[in-house]
Amino acid sequence: MKTYLNTVDGAAVGADKTFDSINPATGEVLGRAPVSTRAQVADAIAAARRAQPSWAARPDAERKALMMRVAEVIKANAAALAEWVTREQVKPLGGVGPDQVPGARFEAWGCEVWTQVPASLDLPVEVAFEDDTRRDEIHRKPFGVVAAIAPWNWPLLIAIWQIIPSIRVGNTVVIKPSEYTTIGTLELVRLINEVLPKGVVNTVSGPGEVGSWLVSDPGVDKIMFTGSAATGSRIAEAAARNMVPTTMELGGNDAAIVLPDADPKAMAMGLFWGAFINMGQTCAAAKRLYVHESLFDQTVQALKEIAQAVPMGNGMDDGVVMGPIQNKMQFDKVVSLVDSAKKAGATIVCGGQARGGPGYFYPLTLVTGLEDGARLVDEEQFGPVLPIIKYRDVEDAIASANRLDAGLGASVWSSDVEKAREVAGRIQAGTVWINQHGMIHPMVPFGGIKGSGYGVEFGVEGLKAVTRPQVISVKKG
Ligand code: NAD
């Protein structure tokens with residue numbers, strides 16, 4: 001059994017202790033990864049610190065060119081990286097590009113695009129004030145060493161979202177992947193180290209404890225975290241002790257509101273993928289659907305037809321577009337939420353029963369007959385189950401959307417964009433999509449509010465988030 005290694009200061013690093021990475025579709029052990037020690041975490045931070053001044057001092061054009069080479073390396077290795085995603089994280093391979101079912105090949109392609117775009121962006125000096133007496137400029141400086149902690153649902157893409165903007169502006173990085181999806185990320189970082197100077201991007205690996213050593217180390221200048229709200233709170237506490245700024249991309253419980261004038265047939269596919277992308281294991285997936293009573297039955301029927309036609313299986317097989325749930329903890333949560341809905345008298349429109357056998361397979365499940373306050377509505381399911389709730393008054397749907405302590409995304413569906421825009425403006429979420437859901441873009445800032453976190457990633461705003469402003473104030477005359 002192969003042991004995959006961390007990359008620190010450009011070199012491959014193992015550890016005395018290792019853990020197995022398992023394919024959740026088959027139970028097969030894919031390989032081993034190191035459990036980094038506390039001393040190794042400190043070594044990785046020290047390597048990033050040593051590399052940072054010369055990396056930041058490079059001319060901008062040179063850093064940009066190197067990052068374009070990173071994108072080429074990702075492209076050249078996209079097939080192997082996608083296979084790691086499918087075997088470790090279990091999203092099916094699927095197609096490539098923006099119009100495809102977003103599977104593992106899409107994720108590898110996304111890594112390439114989310115590298116090219118920040119590489120092509122600039123943060124020019126801004127003039128905050130100028131008159132005859134003075135000129136005040138805002139320059140953007142890297143923080144120094146960025147600690148990145150990643151989740152398991154989009155293991156490569158989220159790592160890229162954390163790494164690439166950080167290094168684009170002159171930071172260096174130590175990243176810890178999720179213990180559920182470690183090897184693919186270690187491989188990604190090993191590959192991009194082929195073109196980057198040593199120490200610019202480093203990895204450590206292991207359980208949450210390894211992450212806690214990383215984020216509490218005084219050698220870290222900025223923390224990028226994507227994961228659950230509970231872990232986010234613990235990291236925010238550790239960051240506060242060292243006065244370190246953080247970007248917190250936490251869980252969501254996105255509402256999708258279907259207005260009375262929407263066209264159920266036309267929107268069904270968009271709604272379906274908005275909810276079931278990556279088997280629902282996506283932060284900004286639609287997790288509660290509020291449908292006006294006048295189109296309720298038609299909408300449920302249209303979604304049911306799509307759900308029942310979608311092939312589920314081992315994502316390495318051709319034609320499969322849905323895989324299993326990624327891990328037992330998440331599987332148990334989905335089972336428990338559906339059971340609680342059944343006990344509350346809900347209607348299971350389709351699915352609702354695990355199929356048994358190897359792998360954490362759970363069928364796509366639509367549930368009606370629930371109201372706000374039911375566990376399946378109020379808790380983030382992060383799996384292939386969607387509660388569909390009937391409403392009569394749009395005001396009630398807006399109040400429902402806003403009543404939880406979550407505010408990552410939301411969507412409004414209507415034939416009248418202006419009407420939808422008016423509703424969208426009243427929803428408490430970092431992004432409100434109209435007639436689409438979860439359609440992130442590398443140029444468009446993305447981040448949550450309320451319990452979904454703070455700070456944004458992507459685009460120029462995302463680059464600013466990994467810098468601190470420095471004012472240069474010049475007296476004139
Ligand atoms: P998680 O919080 O359990 O784990 C995330 C990472 O944190 C893992 O690498 C883990 O090892 C590490 N960790 C655990 N304890 C730690 C500690 N004390 N200090 C430092 N690191 C620690 O989350 P998960 O189950 O991997 O991911 C699922 C959650 O992530 C969902 O709630 C989902 O909505 C959210 N998510 C949010 C976004 C977003 O952009 N907002 C994107 C993807 C996922």
Side-chain angles (χ1 to χ4, degrees), residues 19 21 24 33 35-36 38 41 88-89 91 107 110 114 147-162 174-182 184-186 203-217 220 223-241 244 246-254 277-287 325-334 379-383 404-409 429-431 438 440 445-458 462 465:
F19 64 102
S21 181
V35 179
S36 302
R38 189 163 198 158
V41 172
E88 222 181 11
Q89 191 277 330
K91 54 174 84 66
E107 182 162 355
W114 257 274
I149 306 274
W152 48 262
N153 58 338
W154 292 86
L156 302 191
L157 195 52
I158 291 176
I160 284 291
W161 294 348
Q162 296 174 326
V174 180
I175 183 164
K176 190 198 89 65
S178 166
E179 53 273 42
Y180 292 115
T181 52
T182 299
T185 312
L186 297 192
T203 57
V204 293
S205 55
E209 186 182 32
V210 176
S212 73
W213 296 331
L214 176 58
V215 296
S216 56
D217 192 294
V220 163
I223 297 167
M224 309 273 292
F225 174 67
T226 302
S228 65
T231 307
S233 292
R234 283 194 281 278
I235 292 176
E237 277 175 32
R241 280 194 285 278
V244 171
T246 56
T247 297
M248 287 283 165
E249 297 285 3
L250 309 178
N253 198 344
D254 291 13
I277 176 172
N278 194 23
M279 290 290 284
Q281 300 167 119
T282 296
C283 49
K287 292 175 180 147
I325 295 174
Q326 205 276 337
N327 57 66
K328 173 134 179 30
M329 181 194 65
Q330 202 55 49
F331 178 84
D332 289 346
K333 177 155 198 204
V334 167
E379 293 178 30
E380 184 189 31
Q381 67 276 50
F382 216 61
L404 299 178
D405 184 26
L408 190 54
T431 304
I440 54 170
F446 173 71
I449 61 169
K450 296 164 70 177
S452 295
Y454 47 81
V456 292
E457 296 180 296
F458 313 163

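Note that ligands are numbered from 1 as they come in the structure, with each ligand's atoms numbered from 1 the same way. Bear in mind the structure is a predicted one, so any value in this text is a computation, not a measurement. Atoms considered below: every heavy atom in the structure, side chains included; atoms not considered: hydrogens, waters and symmetry mates.
Looking only at distances, no side-chain donor or acceptor of Q326 sits under 3.5 Å from a matching main-chain atom of F331. Distance alone, capped at 3.5 Å, places no donor-acceptor pair between the Q89 side chain and the W154 backbone. Between the side chain of E107 and the main chain of L156, a donor-acceptor pair closer than 3.5 Å is present. A donor-acceptor pair under 3.5 Å is formed between the side chain of K333 and the backbone N or O of E380. Between the S205 side chain and the V35 main chain, no donor and acceptor come within less than 3.5 Å of each other. Side chain of T226 to main chain of A150: no donor-acceptor pair is present (N/O by atom type, distance under 3.5 Å, no hydrogens or angles).
Here the protein heavy atom with the shortest distance to atom 17 (C) of ligand 1 is G208 O, 3.7 Å. Here the heavy atom of the protein found nearest to atom 1 (P) of ligand 1 is S228 OG, 3.6 Å. The shortest contact between atom 35 (C) of ligand 1 and any protein heavy atom is with G227 O, 3.3 Å. Here the protein heavy atom with the shortest distance to atom 27 (O) of ligand 1 is P151 CB, 3.4 Å. The closest protein non-hydrogen atom to atom 41 (N) of ligand 1 is L250 O, 2.7 Å. Among all protein heavy atoms, the one lying closest to atom 28 (C) of ligand 1 is F382 CE2, 3.7 Å.
A284 does not count as a contact of ligand 1, since none of its heavy atoms falls under 4.0 Å from the ligand. Within the 4.0 Å heavy-atom cutoff, S178 counts among the residues contacting ligand 1.
In this structure, K176 is not positioned above the aromatic face of W213 in the sense of NZ or CZ being under 6.0 Å from the six-membered ring centre and within 45° of the axis.
Neither the backbone nor the side chain of Y180 has a heavy atom within less than 4.0 Å of ligand 1. When heavy-atom distances to ligand 1 are checked against a 4.0 Å cut-off, T282 has no atom that comes that close, whether in backbone or side chain. When non-hydrogen atoms are compared, ligand 1 lies under 4.0 Å from the side chain of E380 (C-beta onward) but not from its backbone. The residue A238 has no part lying near ligand 1, judged by heavy-atom distances below 4.0 Å. Here F225 has side-chain heavy atoms under 4.0 Å from ligand 1, and that is the only part of it that gets that close. Looking at V210 against ligand 1, nothing comes within 4.0 Å, counting heavy atoms. Counting heavy atoms under 4.0 Å from ligand 1, residue E179 touches it through the side chain alone.
The ligand atoms of ligand 1 that sit less than 4.0 angstrom from a heavy atom of A150 are 5 (C), 6 (C), 8 (C), 9 (O). Residue I158 has at least one heavy-atom neighbour below 4.0 Å for each of these atoms of ligand 1: 42 (C), 43 (C). Which parts of ligand 1 touch G211 is read off a 4.0 Å heavy-atom cut-off, strictly below it: atoms 19 (N), 20 (C), 21 (N). Distances below 4.0 Å separate heavy atoms of F446 from the following atoms of ligand 1: 40 (O). Residue-ligand proximity, K176 to ligand 1, at heavy-atom distances under 4.0 Å covers atoms 9 (O), 10 (C), 11 (O). Shown in contact with P177 at under 4.0 Å from a heavy atom are these atoms of ligand 1, numbered in order with element: 9 (O). Contact atoms of ligand 1 toward L408: 41 (N) (distance under 4.0 Å to a heavy atom of the residue).
Minimum interatomic distance between S452 and G252 (heavy atoms only, all atoms of both residues): OG-CA, 3.9 Å. S228 and L250 get closest at one heavy-atom pair: O-CD2, 3.7 Å.
Taking only non-hydrogen atoms, the option from S452, G232, S212 nearest to atom 18 (N) of ligand 1 is S212. Here atom 37 (C) of ligand 1 lies nearest to C283 when heavy atoms of S216, G447, S233, C283 are compared. In this structure, of I235, N253, T231, I175, the residue bringing a heavy atom nearest to atom 4 (O) of ligand 1 is T231.
For the atom pair E179 CD and N327 CG, the distance stands at 9.0 Å (nearest 0.5 Å). Rounding to the nearest 0.5 Å gives a distance of 6.0 Å between CG of N278 and CG of N153. The line from CZ of R38 to OG of S216 is 5.5 Å long, rounded to the nearest 0.5 Å. Interatomic distance, L408 CG to F446 CZ, rounded to the nearest 0.5 Å: 4.0 Å. In this structure, the separation between CD1 on I449 and OH on Y454 is 14.5 Å, given to the nearest 0.5 Å. Atoms OG1 and CD1, from T282 and I277 in turn, are 4.5 Å apart once rounded to the nearest 0.5 Å.
Between W152 and ligand 1, a contact under 3.5 Å exists for at least one N or O pair. Among the atoms of I149, none of the N or O lies under 3.5 angstrom from an N or O of ligand 1. Considering backbone and side-chain atoms alike, N153 places every N or O at 3.5 Å or more from each N or O of ligand 1.
With sequence neighbours excluded, the residues satisfying ring pair (Phe, Tyr, Trp, His ring centres under 6.0 Å) with F382 are W152.
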